[in-house]
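What you are looking at is a predicted structure, and each value in this text was computed from that prediction instead of being measured.
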Amino acid sequence: MSASVHKPLLATVLGNRQERPPIWIMRQAGRYLPEYREVRARSKGFLDLCYTPDLAVEVSLQPLRRFDLDAAILFSDILVIPDALGQSVRFEVGEGPVLDAVTAETLGILRPERVLEHLAPVLETLRRLRAALEPQKTLIGFCGSPWTVATYMIGGKGSPDQAAARLFALRHPEAFATLIDILVAASIDYLAAQFEAGADVVQLFESWALNLDEVAFASHVIGPNRRIVEGVRARVPNAPIIGFPRGAAGNIAAYVKATGVNAVGLDYATPLKFASEHVPAGLTVQGNLDPLRLVAGGAQMESRAREIIAAFADRPHIFNLGHGIVPETPIEHVARLVDLVKGKSS
Ligand code: CP3
């Protein structure tokens, strides 16, 4: 892992525009790949897969064997933090995550002191990935941002409007602040440890930044993300950080300015012109193809991908989807997209 090797994706996060945008794909290791489904079927459960470095390294590398992607992302999940805190987390087939919801009264069961010990296998996965990865590839670590993780901890499952967590924050502001503080501290420890284990960059997944009014956005999203960026950089100076505030919409400029992230992930609903005007000039953007365009493939996908590349030709840009790849995605479409972004014609 020689520091002198040029890593185009890392360089782009740090603000250096590349001639062609580097590319990775959110949720690039996953069920659209038969080789992932094969490893997953052999594992005892989804969390076991996350905590078994041999298997987690294998599935992290699978997408890079098929496609010329510029980065590997650690295989894990945002919900390993609640699991590490001692909340019961299960992944039911066809149902998504199910947690024993925390209440204002039961917050005391959370055990912040055991987080890093519990997550030691994930850090081991990163160390092995670092060693296995070609030197020009960027290694991405991640965690869920506190608000997004809290929506699962409070709601007990995913929901379209996060109503349980939004109400909890309004009815129990002190308990909510305590929960966010626990998550901020755990995320700082976890991300600093990820850098020590070999991550080049980390991404903060704020997948549920939508549905918040501007007051809640400032308090639940901007504040905690800013504290994490500052806390991580106090331990890892200049740590490169991508923020992905999905649904930030008109709050995007405030998010970027206040958090100090190096790069901002744009969801696919963000108009390209709006992003160009509201994300400060020179700041790195990431995104933002609709994952369903990748499912459908063909001319519509290609013309939209070209529009995105053209829109960000004047600043550092990392090509990505505007949310995670979905299991129905045909592998040939991914290969075609990567070739297009890399300038290889078919
Ligand atoms: O390839 C990668 O990007 C790395 C691994 C990764 C996973 N989850 C693996 C996973 C990453 C970065 C995540 C992030 C994640 N997890 C987010 C943020 C990104 C986003 O999509 O908004 C969220 C909200 C979660 C929580 C989560 N994990 C849900 C809601 C689900 C169920 C729905 C689904 O997509 O299956 C998961 C499970 C999960 N996480 C799977 C994978 C590959 C599928 C589980 C399986 O294989 O059975």
Side-chain angles (χ1 to χ4, degrees), residues 3-26 28 64 67-73 133-142 191 195 199-206 209 225-226 228-229 232-233 236-246 248 251-290 304-323 337-344:
S4 60
V5 174
H6 178 64
K7 296 180 180 180
L9 197 140
L10 172 62
T12 309
V13 174
L14 293 173
N16 303 306
R17 200 186 101 78
Q18 308 295 297
E19 203 174 304
R20 294 207 160 267
I23 176 170
W24 71 284
I25 296 176
M26 285 192 276
Q28 65 190 25
L64 283 87
F67 316 115
D68 186 15
L69 297 163
D70 292 288
I73 178 162
L133 211 53
E134 291 172 67
Q136 76 279 17
K137 305 285 183 184
T138 297
L139 180 55
I140 303 175
F142 72 95
L191 293 178
F195 279 111
D200 294 305
V201 177
V202 298
Q203 175 156 311
L204 300 171
F205 280 95
E206 190 73 279
N225 282 286
R226 179 181 52 73
I228 291 175
V229 170
V232 171
R233 291 204 184 127
V236 182
N238 307 315
I241 301 176
I242 305 169
F244 176 52
R246 184 169 77 98
N251 294 301
I252 197 110
Y255 173 90
V256 167
K257 187 161 180 276
T259 60
V261 291
N262 300 80
V264 64
L266 305 171
D267 61 65
Y268 59 83
T270 307
L272 302 175
K273 189 161 176 281
F274 180 90
S276 294
E277 287 169 4
H278 290 84
V279 179
L283 199 115
T284 305
V285 292
Q286 173 175 282
N288 70 341
L289 187 74
D290 180 349
R304 182 61 181 167
R306 289 197 178 92
E307 264 168 35
I308 292 168
I309 293 169
F312 299 130
D314 61 346
R315 64 162 79 223
H317 174 216
I318 298 164
F319 199 94
N320 205 321
L321 301 181
H323 196 197
L337 177 68
V338 175
D339 281 354
L340 182 154
V341 174
K342 298 265 159 179
K344 293 177 203 151

Asks: If you apply the rule side chain to side chain contact (heavy atoms under 4.5 Å, CB included), what do you find for Val264 with Thr259, and how did you get there?
Replies: CA-CA 10 Å; Val264 64; Thr259 60; over 6 Å; no

Asks: Within a strict 4.5 Å, meaning less than it, do heavy atoms of the Phe312 and Leu266 side chains meet?
Replies: yes

Asks: Side-chain contact, heavy-atom cut-off 4.5 Å: Leu139 with Lys7?
Replies: no

Asks: Would you say Arg306 and Leu340 make side-chain contact, with heavy atoms under 4.5 Å?
Replies: yes

Asks: State plainly whether the residues Arg304 and Asp290 are in salt-bridge range, i.e. N to O under 4.0 Å.
Replies: no

Asks: With rounding to the nearest 0.5 Å, note down the distance linking CG in Asn225 to OH in Tyr255.
Replies: 4.0 Å

Asks: Side chains of Leu191 and Val236: closer than 4.5 Å at any heavy-atom pair?
Replies: no

Asks: Ignoring hydrogens and geometry, is there a side-chain-to-backbone donor-acceptor pair from Lys137 to Leu69 under 3.5 Å?
Replies: yes

Asks: Stepwise, does the side chain to side chain contact (heavy atoms under 4.5 Å, CB included) test hold for Thr12 with Arg315?
Replies: CA-CA 9 Å; Thr12 309; Arg315 64 162 79 223; over 6 Å; no

Asks: Checking the side chain of Thr270 only, and the main-chain atoms of Ala275 only, is there a donor and an acceptor separated by less than 3.5 Å?
Replies: no

Asks: Please say whether more than 12 non-hydrogen atoms of neighbouring residues, nucleotides or ligands are located less than 6.0 Å from OH in Tyr268.
Replies: no

Asks: Using a 4.5 Å cut-off on heavy atoms from C-beta on, say whether the side chain of Gln28 contacts that of Leu64.
Replies: yes

Asks: Minimum heavy-atom separation for Ile140 to Ala71, with atom names?
Replies: CD1-CB, 3.6 Å

Asks: Taking side chain to side chain contact (heavy atoms under 4.5 Å, CB included) as the criterion, tell me which of Leu321, Asp267, Leu272, Asn320 meets it with Asn288.
Replies: Leu272

Asks: Using a 3.5 Å distance criterion without hydrogens, assess whether the side chain of His278 forms a donor-acceptor pair with backbone atoms of Ala254.
Replies: no

Asks: Are side-chain heavy atoms of Phe244 and His323 found at a separation under 4.5 Å?
Replies: yes

Asks: Give, for atom CZ of Phe67 and atom CD1 of Ile23, the distance between the pair rounded to the nearest 0.5 Å.
Replies: 10.0 Å

Asks: Output yes when a side-chain donor or acceptor of Arg246 lies under 3.5 Å from a complementary backbone atom of Ala209, and no otherwise.
Replies: no

Asks: With side chains defined as the heavy atoms from C-beta onward, is the minimum distance between Lys342 and Asp70 less than 4.5 Å?
Replies: yes

Asks: Go through it in stages, so that I can follow the logic: the residues are Leu337 and Phe319, the test is side chain to side chain contact (heavy atoms under 4.5 Å, CB included), and I'd like the CA-CA distance, side-chain angles, deciding distance and then a yes or no.
Replies: CA-CA 10 Å; Leu337 177 68; Phe319 199 94; 4.0 Å; yes

Asks: Output yes when a side-chain donor or acceptor of Arg17 lies under 3.5 Å from a complementary backbone atom of Asp314, and no otherwise.
Replies: no

Asks: Would you mind reporting whether Asp200 and Pro240 have side-chain heavy atoms less than 4.5 Å apart?
Replies: no

Asks: Step by step, work out the side chain to side chain contact (heavy atoms under 4.5 Å, CB included) result for Phe274 and Ile252.
Replies: CA-CA 10 Å; Phe274 180 90; Ile252 197 110; 3.8 Å; yes

Asks: Looking at Leu133 and Ala72, what are the two nearest heavy atoms and their distance?
Replies: CD1-CB, 3.8 Å

Asks: Is Gln286 reaching over with its side chain to a backbone N or O of Thr284, donor-acceptor style, under 3.5 angstrom?
Replies: no

